[in-house]
Number of protein chains: 2
Amino acid sequence: MPYVMVQIPNPSASESPLPRSVPTSADVARLAGVSRATVSYVLNNTDAVRISEPTRRRVREAARELGYVPHAAARSLRAGYSRMVLTPAPSFAAGPLYTRFLSELQWALGRLDYTVVQYGSVGLRGDEAARAWAELRPVAVLAPGSDLGPQGVEVLKRSGARAVVTLGPEAVEGAHALLADQERVGRSAVRHLYDRGRRRIGVVVPAEEGLDAFSAPRLAGARRAVHGTDAAVTELPLAYEERDAARLAARWASLGLDAVFTYNDEYAMLLMRALQDEGLAIPGDAAVIGADDLMLGRLLRPRLSTVHLELPSGRDLAALVDRAVHDPGAAPERHKVLGAAVVHRESS
Amino acid sequence: MPYVMVQIPNPSASESPLPRSVPTSADVARLAGVSRATVSYVLNNTDAVRISEPTRRRVREAARELGYVPHAAARSLRAGYSRMVLTPAPSFAAGPLYTRFLSELQWALGRLDYTVVQYGSVGLRGDEAARAWAELRPVAVLAPGSDLGPQGVEVLKRSGARAVVTLGPEAVEGAHALLADQERVGRSAVRHLYDRGRRRIGVVVPAEEGLDAFSAPRLAGARRAVHGTDAAVTELPLAYEERDAARLAARWASLGLDAVFTYNDEYAMLLMRALQDEGLAIPGDAAVIGADDLMLGRLLRPRLSTVHLELPSGRDLAALVDRAVHDPGAAPERHKVLGAAVVHRESS
DNA sequence: TTGAAAGCGATACCAC
DNA sequence: GTGGTATCGCTTTCAA
């Protein structure tokens, strides 16, 4: 073993134990007895230049010995570009659907040699967020449309982002768009209830912060579904906790509703349980439909009807990003990505 | 409006529309008629130097006009210092518990002016991952201990990370540790079952990849709980899908078990449903206990017994990181962070 | 109050 | 084959 780190006992705790500075390629060069250029050639396997095998070995050895790790910032500064794809870290409210999507995307982009970075932009809104992201000079940005206006897109592009892709209900000027039509989710759900003969339909709207971007359009879609018919939609605020659900269930009879679209499957489980505990029959007294088509819906009794959402495959999206990076001048693509198909089970 | 971007129709799609290069502080300086130093002073509100108000205004105006965004890499290269806290992006298997924890942490570190970045390290293992992270020169790294060995920690520290915090069952040499004792989860669960008089205890082990780091110690803990007693533990592989659960439920009688610890609440719901569909009574024929104390457990009937896990608060952990960054020489801290308390409900 | 210039770490062109 | 060296964008000391 060429190098052994010695643990120095350190009584005065405020002193760093080994303030050895971070090794640079110059250090590697010095140790190997070559120039920094050679180090760079060797470590990057540059094939335009031929380096003798003994030299290569010496350089690699020196790098290993010093624990040399190249400095990404310096490299991308020099190179003028990076392969970082930036996406905002999801808020805590993100469901398993989005988590899974993100992880698939990461995998797919990784295969194309991009590095996905989730930026923890807490409390940054709109252009402020865009500027913060732009500082990292990502080659591409993927963000919910609600986080990014046209000016945000412009900021990102002007600072070198070759592809900006938004995910949301509507396209943002200048960016590629994955159109996730949340309204359609509500429309499909409520139309289904209407088709099953229900006329007084409740729509759960989560009380939790940060879900408005989804719940508002879902509610709007629900309203649209019954517009001009003899049916009516009632908004039902609901916090994700047993007590609030019990409260709502207790009021159920007085509300005079015969069906409910619960925003998603998790709220469906919550409310369904409360209704059943209240002695109400499902779907007899209340038809219930959720959304997201999570596993748990299949496990409920009666089995939960739901709206199945199809997010874009990670591979397709990765391909879109790659295409856009290679040809930043191309016209923005628009893709409908949210197949909203009602899955009729037993609760409706 | 001082600057209007003109959208140029672009028939030959392979040509970039406006290959305007990214504005630098030099561009801002030029436009404002000052030096780059002055630009830096103004935009960073450097108080060691006094700049006249008119100049400030001109500089800011120019920056706005050009859409100037500072280059983080260049800045931190020069400064030799960044405020980036890096953490690997969770694998898709991460549950709501961890997601919530991460988002809390992000918020708390944000308040301390750190930027949290989740690195999408797909398929990178061990030291390879550590090197990839080290390239970004984060000031601190928070990672599951399973992703990071002692050498990984060494690599990170040597490349300037002032704090490395691992989260996992055991401490890693050189790093601060949040000790999440997964074994204890299994031990508590199975001891509970034992105390309730059960002797032939099944332990579900998820078939899904990437959960071994949690499931293996939980199983080990389960084994330990009954070691030296008259009870026996049987390992039950289970995929997270209805069919596999049904298969297991059908075999149930032949297994001769009277209780099961299901790894977590979600697998509990899956298996409980299958057992009930098979006509088995819970807890009569089979006592069930999960883990994680998710909302869904409270919604099941019978209500699910579970092991409540207490992850460290985001604020506490942020404070630890901040402390470690300020005093990298201090001895590694060890914190037990996983309160594992049995919550006895109706299923056991 | 402002400007010139050094230098952070890595890369790639051009000489030797 | 290998070594100087200019350069990426930014900060900061020192002079003016």
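Computation of the quantities below employed the complete heavy-atom set of this structure, encompassing side-chain atoms and omitting hydrogens, waters and symmetry-equivalent molecules. First the proteins, then the strands, lettered A, B, ... as listed; each starts at 1.
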Partner of B/Arg162 under side-chain contact (heavy atoms from CB on, under 4.5 Å), picked from B/Leu156, B/Asp327, B/Val325, B/Val321, is B/Val325

Quick check against the 3.5 Å criterion: does A/Gln118 have a side-chain atom that pairs as donor or acceptor with the backbone of B/Gln118? no

Say you draw a straight line from [atom1] of [X] to [atom2] of [Y]; how long is it, rounded to the nearest 0.5 Å?
X        : Y        : atom1 : atom2 : answer
A/Asp113 : A/Asp322 : CG    : CG    : 10.0 Å
A/Asp316 : A/His335 : CG    : NE2   : 8.5 Å
B/Arg56  : B/Leu43  : CZ    : CG    : 9.5 Å

Going by number, which of residues 39-50 of chain B have a non-hydrogen atom under 4.0 Å from DNA chain D? B/Ser40, B/Tyr41, B/Asn44

So which pairs with a foot in residues 28-39 of chain A pass side chain to side chain donor-acceptor pair (under 3.5 Å), sequence neighbours left out? A/Asp27-A/Arg30, A/Ser35-A/Thr38

Which is true for [X] with a 4.0 Å heavy-atom rule: it touches a base, it touches only sugar-phosphate, or it touches nothing?
X       : answer
A/Tyr68 : sugar-phosphate
A/Arg75 : sugar-phosphate
B/Ala79 : nothing

Holding to side-chain hydrogen bond (donor to acceptor under 3.5 Å, both in side chains), I want the full list of residues that pass it with [X], two or more places apart in sequence or in another chain.
X        : value
A/Arg323 : A/Glu333
B/Tyr81  : B/Arg83
A/Arg57  : none

Any residue in residues 51-58 of chain B with a heavy atom nearer than 4.0 angstrom to DNA chain C? Just list them by number, or reply none. B/Ile51, B/Ser52, B/Thr55

Run the side chain to side chain contact (heavy atoms under 4.5 Å, CB included) test on B/Val164 and B/Lys157 for me, step by step, so that the C-alpha distance in whole Å, both residues' side-chain angles and the decisive distance to 0.1 Å come before the verdict. CA-CA 8 Å; B/Val164 179; B/Lys157 290 191 140 181; 4.1 Å; yes

Anything under 4.0 Å to a heavy atom of chain B counts; send over the first and last such nucleotide of DNA chain D, read 5' to 3'. D/dG9 to D/dT13

N/O donor to acceptor pairs below 3.5 angstrom from side-chain atoms of residues 131-147 of chain A, sequence neighbours left out:
residue  : atom : partner  : partner atom : Å
A/Trp133 : NE1  : A/Ser121 : OG           : 3.4
A/Arg137 : NH1  : A/Ala134 : O            : 2.9
A/Arg137 : NH1  : B/Val69  : O            : 3.3
A/Arg137 : NH1  : B/Pro70  : O            : 3.4
A/Arg137 : NH2  : B/Val69  : O            : 2.6

Side chain to side chain contact (heavy atoms under 4.5 Å, CB included) partners for A/Arg78, two or more places apart: none

Listed by chain and number, what are the side chain to side chain contact (heavy atoms under 4.5 Å, CB included) partners of A/Arg111, not counting sequence neighbours? A/Trp107

Just checking B/Arg60: does its CZ atom have more than 12 heavy atoms from other residues, nucleotides or ligands closer to it than 6.0 angstrom? yes

Does a side-chain N-to-carboxylate-O contact under 4.0 Å join B/Glu61 and B/Arg64? yes

Where does the chain A footprint on DNA chain C start and end, counting 5' to 3' with a 4.0 Å heavy-atom cut-off? C/dG9 to C/dC13

Using five pairs at either end of the helix from C/dT1-D/dA16 to C/dC16-D/dG1, determine the angle between the two local helix axes and round it to 10 degrees. 50°

